[in-house]
Amino acid sequence: MEDLPGSVPELKDERPRPIIHNTQFDKYEDSAAGSSDTQLSDGSEPEAERSRDDKIYIPYESAELCFTQIAEDMEAMQRRHLEMVQEMEENFQITARENQAWTVQRITSHYQNKMSTLRRILNIYRGKVEKKSVDCESRVAALTAQNEQLQEEQRAERRRSKEEALQWNREKSKMMELFSNRMDVLHTHQASNRTLEGAKARLAQLKETLYQREREITELLEEERTPVPPIALPYCTILLPTLIHKAHEICRAVPETRVLLKLICEENELALSEAREKLDHLQAEEDKESDEYESTLSLLQETVREYEATQLAVRFIKTGESPEINESDAVTELEAVLGRGAVRTTEGVKLVGQQLVSLQDQVRRVKILRQLKQIKEERNKIIENYTSERTMRKKYYNMVEDMKGKIRVFCRIRPVSRAEVAQGGAIVVEKTDEYSVTVETPRGQREFQFDKVFTAEASQDDLFLDSSRLIQSAMDGYNVCIFAYGQTGSGKTFTMVGDKDQKNPGIMPRSFNAIFDIIQENRDKFEFKVSAYMLELYNDKLQDLFVSLPGEAHAQPQSHGQARRVEIKRNRKGVVFAQGAETKEASSAQELYALFQQACANRHIAATKMNVESSRSHLIVGIMMESKNLTNGSVCRGKLSLVDLAGSERAAKTGAKDHQLKEANSINKSLSALGDVISALSAELPHVPYRNSKLTQVMQDSLGGNAKTMMIVNISPSECNLDETLTSLM
Ligand SMILES: Nc1ncnc2c1ncn2[C@@H]1O[C@H](COP(=O)(O)OP(=O)(O)OP(=O)(O)O)[C@@H](O)[C@H]1O
């Protein structure tokens, strides 16, 4: 094996033997060597044996000397060895250092090469980067200039759009007013050519007439339903011609009767002309208002008619012609004359009179039947007109509502709460005009536009004024949805439900009253049916609030026992219904409110850091309204969805943990899905992501399409809630 540099050389061969000098031993050694050599050289065995058996005696002093000498020699030898070891170590270290230096040198030169290559590459890149950065700087400068220009344009655009929005809103209000007035005018059938003045009074008048007609029709229908006895063929139709014929025969046969008839005729003519004169005279009089005038006029008219009828009767008897029974007026008059005994010549004539009176009854019946027919036709016309009126009213009402937008977004700023006052947060939200809200943010002022803005001073009445028109739409057969959105504690429940003791009831109880007020107003024309379901969406699970869950703190004993699984389904007409949830009918606002209270008692509520009584679920109240037109039997179905959403919030701020954190996540997820649906509808996108959450599935038939939606964004005015307020507004 090759020796390592600095390794200890092989000592075995090279090591100098220690030289031990001992005179005694030297002598003995020499002699022994000599004898041995001799022995080997001559090979004499006895001599060798002898020398082995011989015992050598060394004097003690010599032995001691000898050992001392050996010890000294050995010590010298040890020292030499130590020197050698030290020398070898030094050699080894020198060699190792040399090797290390060499290795370091090699590595250094290797890395220096690499470094120089990298430096070259770096220089190339640096050149490129410098070139690029010059380009970029010039581009940045250009873009900055462009950006500034765009910002300026954007500011101008904002100013313009704000002005336009204001202008548009003004025009919208004007248009809406105009449309409402037009609608009133249309109700009176005079939309095209009459002034709007007094349109409401005319509408009321028309309504009254319409109701009057309807009442008459109802009465007639009632009468119609009671069977009319069959009209017997009037005897007079046979008797009258016979009697006249007989009278004529008598006159021809008996000359006195002819004379009498002539006399009657002349007297009658005279009396007739006198009566006519009196009548003309009376009709020419100026004071026609008095009761006396009326009674004298009708008396004279009757007298004239009697004389005319007598004239007619006498003419028939004279000539022997038969009166046409169909000429009912003439016949009636003849009957009247004969029946009252104006002609008293014979008993036979009296009989004829009686017969003619009975004929008069028959004819009157025919007349009534004719009138009935006419009235029926009129009634049908009125129904037709009424139906088209109603359709038109609905159409224009709907148009007016649509003018306001299918999705209307209102903003309500609640008063500053005590907690916010304690925190000392400044007021950062301000209503700048009827439609705008500005918010002071650390990065400057931001403005948001709405269909209407309500401040802390706005009452529940003010807010409901705009919602109540939508209730009429729901009664007219549209799907309507009203819901409140906002962070926890921003006033959603206050807006939708009201305060705890119901001193300031919210949209829900007010809607219940409005529904039944409309029903009351139209009770004589329509038959109504109102039913409701009330659901809660909690942790992405739908629950029927008419059924209490066993184990809940607020559970009330229920006859139904366990809650069934509630699922959202849509019928063929696209109307959403909650399968598995109970739907209860209500016949008054009080009944509906009692159902609502029952539902509220079953709702999930918990205290969070933000609100002592925070709704932890979405409350969905669906009210189905069905109206049946009593006049034409048509049925109309509408739905009103009222939703009190759970608060949008940041879990950290609410202090939510464990199951409350789960609640918060589920709430935020569904609210974000609702936001996506509203955005898609507002942007009129072809796809609306209803299926992303159960909340949007429940509300599907009340969002988009023909439905009318009203969203109330509730916000806090305080700086403490600035982030949440901005999130809600955006
Ligand atoms: N416009 C208002 N006028 C007077 N008080 C209000 C108004 N809005 C809200 N409040 C009060 O503020 C508090 C919080 O309101 P509310 O409970 O309605 O908030 P919320 O948004 O429903 O909260 P959560 O989402 O947690 O249920 C209540 O005490 C309520 O009475």
Side-chain angles (χ1 to χ4, degrees), residues 1-134 136-137 652 657-658 661:
M1 200 163 65
E2 203 180 315
D3 281 349
L4 286 169
S7 59
V8 182
E10 193 60 66
L11 294 175
K12 207 171 17 176
D13 303 323
E14 292 168 24
R15 203 185 309 160
R17 287 171 186 269
I19 305 159
I20 304 163
H21 295 283
N22 186 311
T23 41
Q24 300 297 323
F25 274 108
D26 285 348
K27 199 166 105 186
Y28 171 73
E29 219 174 71
D30 288 346
S31 69
S35 64
S36 157
D37 289 346
T38 322
Q39 238 176 334
L40 285 171
S41 59
D42 60 13
S44 67
E45 187 66 26
E47 187 64 26
E49 278 176 10
R50 191 184 46 93
S51 60
R52 218 181 290 145
D53 294 334
D54 287 343
K55 289 196 167 93
I56 301 165
Y57 294 97
I58 301 166
Y60 177 74
E61 290 83 11
S62 302
E64 194 184 6
L65 203 69
C66 184
F67 280 120
T68 313
Q69 183 71 39
I70 290 168
E72 278 172 3
D73 284 351
M74 282 184 76
E75 275 171 7
M77 208 160 74
Q78 189 188 10
R79 271 193 306 278
R80 270 189 61 201
H81 277 169
L82 283 172
E83 278 167 16
M84 276 171 69
V85 166
Q86 197 180 350
E87 193 184 337
M88 277 163 64
E89 271 178 0
E90 278 169 9
N91 281 346
F92 178 76
Q93 277 174 4
I94 289 163
T95 316
R97 262 200 301 279
E98 278 171 359
N99 279 348
Q100 274 174 2
W102 181 79
T103 314
V104 166
Q105 201 182 348
R106 275 192 62 191
I107 289 170
T108 311
S109 71
H110 175 74
Y111 279 102
Q112 267 171 353
N113 284 344
K114 280 208 166 178
M115 281 286 282
S116 61
T117 316
L118 281 173
R119 218 166 268 142
R120 272 201 311 279
I121 294 169
L122 193 68
N123 285 339
I124 292 166
Y125 273 103
R126 195 172 283 152
K128 281 188 182 176
V129 166
E130 272 167 12
K131 209 174 147 220
K132 275 210 169 173
S133 75
V134 171
C136 283
E137 269 169 24
K657 281 191 194 99
D658 306 331
L661 193 66

Distance (rounded to the nearest 0.5 Å) between I94 CD1 and R97 CZ: 6.5 Å
From NZ (K114) to OG (S116), nearest 0.5 Å: 11.0 Å
Compile the donor-acceptor pairs under 3.5 Å between side chains in residues 117-126 and protein atoms, sequence neighbours left out, one pair per line.
residue : atom : partner : partner atom : Å
T117    : OG1  : N113    : O            : 2.8
N123    : ND2  : R119    : O            : 3.3

Separation between CG of N99 and CZ of F92, rounded to the nearest 0.5 Å: 9.0 Å
R106: side-chain contact (heavy atoms from CB on, under 4.5 Å) partners, not counting sequence neighbours: W102
Straight-line distance of E137 CD to E130 CD, nearest 0.5 Å: 10.5 Å
From E89 atom CD to Q86 atom CD, the distance as rounded to the nearest 0.5 Å: 7.5 Å
Nearest-0.5 Å distance, CE of residue M84 to CZ of residue R79: 15.0 Å
